[in-house]
Amino acid sequence: MSDYGMSSEELEQMYQEVILEASKAPHGKVGFAKGGASESIGVNSLSSGESTLQASHEYCVPAQSHQFNPTCGDEVTVRVEISDGSDGKPQRIEELVWDGQGCSISQASLSIMVDLVHGKTVDEAMDLFHDFHRLMESRGAGLHDEAVEEKLGDAVVFQGVSRYPMRIKCALLGWEGLKDSMAQALAHMETTNAKEA
């Protein structure tokens, strides 16, 4: 029996149900306008390929990252808006949305990721990114760290997914998009700050 008083089969069934539920009603999924342009109107903008993203708040910097998993065809574009820190507070994820299609694992992972990191500071989001990566590298063993597993919340359901190397990429797809889009927004802030100095 597990720590939850359930057999490993019952626990696996519960995890599968959470993944299926999260993939059927994904949080943060929106349809982007044709050509990738944001429907939000704001002051700050960031050129991304041929489209220009606009932040919905004047103190935010937007960015997006497109990720593709050729193994199974999962595809996602993750958009973030990060506060610029001009208020003296840490840079924070003010907006996090995505659009794409793929298997239930990738869609559920994106949904749970949105719930976990929206409103977090960039540092907190990166900590969660690293913790989730460690979980995916565990090959089904888990992290054996209650504090980290509690931080990951529903994301611990992907522990079972980590047993299947071909499925790990599905679970990580959105997280990689989050990391890349945050890096783009932060790089844009640094460039802007350097020009203003």
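Here, residue 1 is the first one in the sequence, and each next residue gets the next number.
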Steps toward side chain to side chain contact (heavy atoms under 4.5 Å, CB included) verdict (S106, E75):
CA-CA 9 Å; S106 69; E75 193 167 0; over 6 Å; no

What do the steps show when you test C60 against D84 for side chain to side chain contact (heavy atoms under 4.5 Å, CB included), and what is the final call?
CA-CA 5 Å; C60 287; D84 61 14; over 6 Å; no

Show the numbers, then the answer: is there a side chain to side chain donor-acceptor pair (under 3.5 Å) between S65 and Q67?
CA-CA 6 Å; S65 174; Q67 302 288 316; 2.8 Å; yes

Go through M113 and H118 one step at a time and tell me if the side chain to side chain contact (heavy atoms under 4.5 Å, CB included) criterion holds.
CA-CA 8 Å; M113 178 190 76; H118 187 268; over 6 Å; no

Should R163 and R139 be marked as a side chain to side chain contact (heavy atoms under 4.5 Å, CB included) after you check the CA-CA gap, both sets of side-chain angles, and the distance that decides it?
CA-CA 4 Å; R163 290 188 198 116; R139 300 292 191 238; 5.9 Å; no

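Expressed to the nearest 0.5 Å, how far CZ of R79 lies from CG of L178 amounts to 15.0 Å. Residue S181 holds its OG atom at 11.0 Å from CD of E81, rounded to the nearest 0.5 Å. Atom-to-atom distance recorded for D131:CG and L116:CG is 10.0 Å, nearest 0.5 angstrom. For the atom pair OH of Y59 and CG of D87, the computed distance is 8.0 Å after rounding to the nearest 0.5 Å.
A 4.5 Å side-chain heavy-atom check between M126 and K179 finds at least one atom pair inside the cut-off. Residues H66 and V76 form no side-chain contact, since every pair of their non-hydrogen atoms from C-beta on lies 4.5 Å or further apart. The side-chain heavy atoms of D74 and Q101, taken from C-beta on, include no pair separated by under 4.5 Å. Side-chain contact between L110 and V78: present, with at least one pair of heavy atoms (C-beta onward) separated by less than 4.5 Å. By the 4.5 Å heavy-atom criterion applied to side chains, K29 and D99 are counted as neighbours. Residues W98 and V30 have side chains not in contact (no heavy-atom distance under 4.5 Å, counting atoms from C-beta outward). The side-chain heavy atoms of E94 and I82, taken from C-beta on, include no pair separated by under 4.5 Å. The shortest side-chain heavy-atom distance between F158 and M136 falls under the 4.5 Å cut-off.
Between Q107 and G102 the shortest heavy-atom distance is NE2-N, 3.5 Å. Of all the heavy atoms in D127 and K151, the pair that sits closest is CB-NZ, 4.2 Å. Summarising the geometry of A155 relative to L135, their closest heavy-atom pair is O-CD2, 3.5 Å, with the distance given to 0.1 Å. Looking at every heavy atom in both residues, A125 comes nearest to I93 through CB-CD1, 3.6 Å. Considering all non-hydrogen atoms of both residues, V61 and M189 come closest at CG2-CG, 3.6 Å. The shortest heavy-atom contact between L96 and V114 is CD2-CA, 3.8 Å.
Within a 6.0 Å radius of NZ in K169, no more than 12 heavy atoms belonging to other residues, nucleotides or ligands are found.
Between the side chain of S111 and the main chain of H27, a donor-acceptor pair closer than 3.5 Å is present. Between the E124 side chain and the T121 main chain, a donor and an acceptor come within less than 3.5 Å of each other. The backbone N or O of A171 sits less than 3.5 Å from a side-chain atom of S109, completing a donor-acceptor pair. Panel note: side chain S83, backbone R92; a donor-acceptor pair is recorded below 3.5 Å. Remark: the backbone N or O of G140 is paired with a side-chain donor or acceptor of Q159 at under 3.5 angstrom.
Ring geometry, W175 versus F129: the interplanar angle falls from 30° to 60°, so the pair is classed tilted.
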